[in-house]
Amino acid sequence: FIVSTIIGKILLENGYKTNGIAGHSLGEYSALTVANAFNFEIGLKLVKIRSESMHKAGKAQPGKMAAIIGMPSNDIEDICLKYSKGNDLAVAANYNTENQIVISGNIKTVQDFIDIAKENGARMAIPLNVSGAFHSPLMKPAREELADKLDSIEIIDINIPIYPNVNAKPIRKGSDIKKSLINQLENPVLWFDSINNMLS
């Protein structure tokens with residue numbers, strides 16, 4: 001958060017103009033700080049609460065993530081639907097590129113998915129070194145604490161539109177930003193769509 005916020009501020013101070021901003025997962029907080037939706041100190045507090053509450057959620061419902069490379073997103077989504085039952089859960093969590101999707105879920109289901117993906121033509125299926133099933137329904141317990149903090153601060157309408165992770169559509173209003181930050185915890189990062197929408 002600190003490093004990317006500094007880089008963003010330096011770029012603007014050096015005259016770089018932008019028509020839109022985005023940040024991947026935690027990076028969304030840096031992007032919003034750079035766009036002056038809130039100040040650096042508030043951004044740092046939000047990041048701290050977010051990380052602590054996500055860590056607690058990961059302890060309460062252990063999970064993992066894996067990068068699936070070289071497999072179409074609709075095939076990944078179909079396998080997730082087929083093998084997710086009750087507490088056994090796997091979902092697409094990060095749409096990073098056309099050919100690199102990260103899945104998230106409980107430990108057993110994600111491990112099973114890695115084997116299934118390889119059998120179904122994935123070029124690579126790699127477990128990630130993370131402490132929880134981020135951007136999945138397993139993060140629901142983290143929502144309340146973050147929502148309470150977000151409700152206690154003012155998020156200012158911004159001049160530069162942000163393309164949020166949850167829907168990749170440009171927003172400027174503080175109230176919309178607040179909703180997107182809360183929804184981001186349990187929903188996938190639509191990074192590929194965000195970048196393409198910014199380019200167009």
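Because the structure is predicted, anything quoted here is derived from the model rather than measured.
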Compare every heavy atom of [Y] with every heavy atom of [X], then report the nearest pair and how far apart it is.
X    : Y    : result
N106 : L138 : N-CD1, 3.6 Å
S180 : E28  : OG-OE1, 4.2 Å
N165 : S25  : OD1-N, 2.8 Å
S73  : Y95  : CB-CE2, 3.9 Å
I177 : A37  : CD1-CB, 4.5 Å

Any non-hydrogen side-chain atom of [X] less than 4.5 Å from a side-chain atom of [Y]?
X    : Y    : result
D75  : N120 : no
M54  : L185 : yes
F38  : I156 : no
V102 : N96  : yes
E144 : D148 : yes
K149 : L46  : yes
N94  : H135 : yes
C80  : I103 : yes

Would a single hydrophobic cluster contain both [Y] and [X], if residues Ile, Leu, Val, Met, Phe, Trp and Tyr are joined by side-chain heavy-atom contacts under 4.5 Å?
X    : Y   : result
V110 : I76 : yes
I153 : V47 : yes
V91  : I69 : no
L11  : L32 : no
M139 : Y29 : yes

Within a radius of less than 6.0 Å around [atom1] of [X], do more than 12 heavy atoms belonging to other residues, nucleotides or ligands occur?
X    : atom1 : answer
K59  : NZ    : no
K169 : NZ    : no
N129 : CG    : no
M198 : CE    : yes
N19  : CG    : no

Checking E52 now: which residues fulfil salt bridge (charged side-chain N to carboxylate O under 4.0 Å, His left out) with it, not counting sequence neighbours?
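Testing E52 for salt bridge (charged side-chain N to carboxylate O under 4.0 Å, His left out), a comparison that skips the adjacent residues, returns K48.
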With E145 via salt bridge (charged side-chain N to carboxylate O under 4.0 Å, His left out) - residues at least two apart:
K56
Would you please classify the geometry between the F1 ring and the F40 ring as parallel, tilted or perpendicular, with 30° and 60° separating the classes?
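The arrangement is parallel - the two ring planes meet at less than 30°.
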Do F113 and I79 pass the side-chain contact (heavy atoms from CB on, under 4.5 Å) test, and can you show the C-alpha distance, the side-chain angles, and the key distance before you say yes or no?
CA-CA 8 Å; F113 191 106; I79 294 170; 3.3 Å; yes
Yes or no on side-chain contact (heavy atoms from CB on, under 4.5 Å) for K173 and K179, after CA distance, side-chain angles and deciding distance?
CA-CA 10 Å; K173 285 187 175 293; K179 282 182 210 156; over 6 Å; no
Is any NZ, NE, NH1 or NH2 atom of the basic residue among K82 and D78 found under 4.0 Å from an Asp or Glu carboxylate oxygen of the other?
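The answer is no: the pair does not qualify as a salt bridge.
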Supply the atom-to-atom distance N39 CG to T5 OG1, rounded to the nearest 0.5 angstrom.
11.0 Å
Please check if the side chain of [X] supplies one atom and the backbone of [Y] the other of a donor-acceptor pair under 3.5 Å.
X    : Y    : answer
S84  : A90  : yes
S104 : F134 : yes
D157 : G174 : yes
D176 : I171 : no

side-chain contact (heavy atoms from CB on, under 4.5 Å) between N99 and M71, intermediate numbers included
CA-CA 6 Å; N99 294 307; M71 189 175 195; over 6 Å; no
Donor + acceptor pair across side chains of Q184, R50 (<3.5 Å):
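Yes - a donor-acceptor pair under 3.5 Å links their side chains.
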